[in-house]
Amino acid sequence: MRIDLFSSRQYDVDTFNEANASFGFDLHFHDTRLDPDTAILARGADAVCPFVNDTVDAAVLQQLQTLGVRLVALRSAGFNHVDLAAAARHALPVVRVPAYSPHAIAEHAAGMILALNRRLPRAVARTREGDFSLQGLLGFDLFGRTVGVVGTGMIGRTFARIMAGFGMRVLAFDPGTPDAGLIALGVQYVPLDTLLAESDIVSLHCPLVPATHHLIDADALARMKRGAMLINTGRGGLVESNALIGALKTGQLGHLGLDVYEEEGGLFFEDHSDLPLQDDVLARLLMFPNVIVTAHQAFFTREAMNEIARTTLGNVAAWRDGATRNAVQLPE
Ligand code: NAI
């Protein structure tokens, strides 16, 4: 059985080959993104394995079906990049990796908070230059401050526990069932407006769906505490990127940590350092001293990568054997 992996880098080749030792699939790695021009590469594949910035829209799905592909096996938790209705129309089941390491993402969010608060990138750049002054590096104690967690699924829950470990007051917003374990820990579920108004740090851990698109827009930024910190390790589309610039310029937004960006497709996961950056909004964001951007790396730990490979190949094996595992359901 042949599986074609798109947007694959050396680390994907290494981890998938290692996991495949116990499956024996015929793996074909393509470093190119999946899109209408490259879908043809999947000719002869039984399953395709796209990554988060691949195009899995109606046109691509139709091509894949015509080429004889029978399964879309995502190697991600998020599936906002897939046209699920079109997949259903083309009888292409979509499976994903619902959980690999919530710790990887939650710990990265915590790392961004510490780096922003204590100005670590700036401090390190200074000491490298022989500048040992502290002016401009003043941070604040996390202990006793309030953090707001938007979405308390697997990642948000893990993040909330880490923040509670710092001695922070933890507020949470989730339209689903509140997590009993978090409540026992002292986490308070509140409406989103309360969370925005009272939090010193807001961290986004909900999926990107139509209802959460631009959840943080100019209006939401204005409702946040002045000088608060915003962390987005969810999906770029949760935040209206343009609105961030105004809020940063006035100081309404005090710190910003982005691991995901609305227009990251074609940019993140690749080295563009020799080229002029074409995205003016991102270029402006990168100019602020109180902004840090990482290129969708929150998931990128050894443990997470191994689990992604094992679960993805396990999903394909289950499907081959007639079982359904980790299928993405069409929203009602
Ligand atoms: P999950 O499905 O376990 O939890 C998502 C939670 O968000 C659920 O509790 C759900 O009720 C809640 N939610 C839904 N709509 C909401 C809304 N309007 N406001 C607040 N909460 C809402 O998902 P998990 O594993 O915790 O992942 C969360 C997201 O993190 C994923 O959807 C994905 O986009 C992102 N992610 C980012 C990664 C990265 O490397 N930066 C890696 C993995 C996931």
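In listed order, ligands and their atoms are each counted from 1.
- Under the 30°/60° scheme for interplanar angles, the aromatic rings of F29 and F16 are found to stand perpendicular.
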For the pair F268 and F300, evaluate ring pair (Phe, Tyr, Trp, His ring centres under 6.0 Å) and give the outcome as yes or no after the intermediate values.
CA-CA 13 Å; F268 283 15; F300 198 48; over 10 Å; no
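- Under 4.0 Å from ligand 1, heavy atoms of F173 appear from its side chain as well as its backbone.
- Residue, atom and distance of the protein heavy atom nearest to atom 27 (O) of ligand 1 are I155 CD1, 3.3 Å.
- In H205, the part holding a heavy atom less than 4.0 Å from any atom of ligand 1 is the backbone.
- Under the 4.5 Å side-chain heavy-atom criterion for ILVMFWY residues, no single connected hydrophobic cluster contains both F6 and V97.
- Nearest protein neighbour of atom 20 (C) of ligand 1, counting heavy atoms only, is P175 CD, 3.5 Å.
- For S133 and D131, the side-chain atoms include at least one donor-acceptor pair closer than 3.5 Å.
- Between Y100 and F299, the ring planes are perpendicular. Angles over 60° get that label, and only those under 30° would be called parallel.
- Rounding to the nearest 0.5 Å places CE of M305 at 4.5 Å from CG of D12.
- Close contacts between ligand 1 and H296 involve ligand atoms 39 (C), 40 (O), 41 (N) [criterion: under 4.0 Å to a heavy atom].
- The shortest N or O to N or O distance between N80 and ligand 1 is not under 3.5 Å.
- For atom 38 (C) of ligand 1, the nearest non-hydrogen atom from the set T301, T233, L258, V260 comes from T233.
- Considering backbone and side-chain atoms alike, C206 places every N or O at 3.5 Å or more from each N or O of ligand 1.
- Comparing G176, P207, G156 by heavy-atom distance to atom 13 (N) of ligand 1, the nearest is P207.
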Candidate pair T294 and D259, rule side-chain hydrogen bond (donor to acceptor under 3.5 Å, both in side chains), full reasoning:
CA-CA 5 Å; T294 52; D259 183 55; 2.6 Å; yes
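- Note that the CE atom of M1 and the CG atom of D26 stand 10.5 Å from one another [nearest 0.5 Å].
- Residues L5 and V316 are members of one and the same hydrophobic cluster, defined by side-chain heavy-atom contacts under 4.5 angstrom among Ile, Leu, Val, Met, Phe, Trp and Tyr.
- Proximity of Y100 to ligand 1, defined as any heavy-atom pair under 4.0 Å, is confined to the side chain (atoms from C-beta onward).
- Nearest protein neighbour of atom 18 (N) of ligand 1, counting heavy atoms only, is T212 CG2, 3.1 Å.
- Relative to atom 9 (O) of ligand 1, the option among L208, D174, V209 with the closest non-hydrogen atom is D174.
- The closest approach between any non-hydrogen atom of G234 and ligand 1 is below 4.0 Å.
- Taking hydrophobic clusters as Ile, Leu, Val, Met, Phe, Trp and Tyr residues chained together by side-chain heavy-atom distances below 4.5 Å, V72 does not share a cluster with I3.
- Atom 2 (O) of ligand 1 is never approached by the protein to below 4.0 angstrom, counting heavy atoms only.
- When hydrogens are left out, the protein atom nearest atom 23 (O) of ligand 1 is M154 N, 4.6 Å; that is the closest non-hydrogen contact.
- With respect to atom 40 (O) of ligand 1, the closest heavy atom belonging to the protein is F299 N, 3.1 Å.
- Remark: R118 CZ is loosely packed, at most 12 non-hydrogen atoms of other residues, nucleotides or ligands lying under 6.0 Å away.
- At a threshold of 4.0 Å, the pair D46-R2 does not count as salt-bridged, since none of the basic side-chain nitrogens sits closer than that to a carboxylate oxygen.
- Here the side chains of S8 and R75 are in contact, with some heavy-atom distance below 4.5 Å.
- Protein heavy atom nearest atom 4 (O) of ligand 1, with residue, atom name and distance: G153 CA, 3.1 Å.
- In this structure, atom 33 (C) of ligand 1 lies nearest to the protein heavy atom R235 NH1, 3.7 Å.
- Counting the atoms of ligand 1 from 1 in the order shown, those under 4.0 Å from a heavy atom of D259 are 39 (C), 40 (O), 41 (N).
- Checking atom 36 (N) of ligand 1 against the protein gives a heavy-atom contact under 4.0 Å.
- For ligand 1, the atoms closer than 4.0 angstrom to any heavy atom of V150 are 20 (C).
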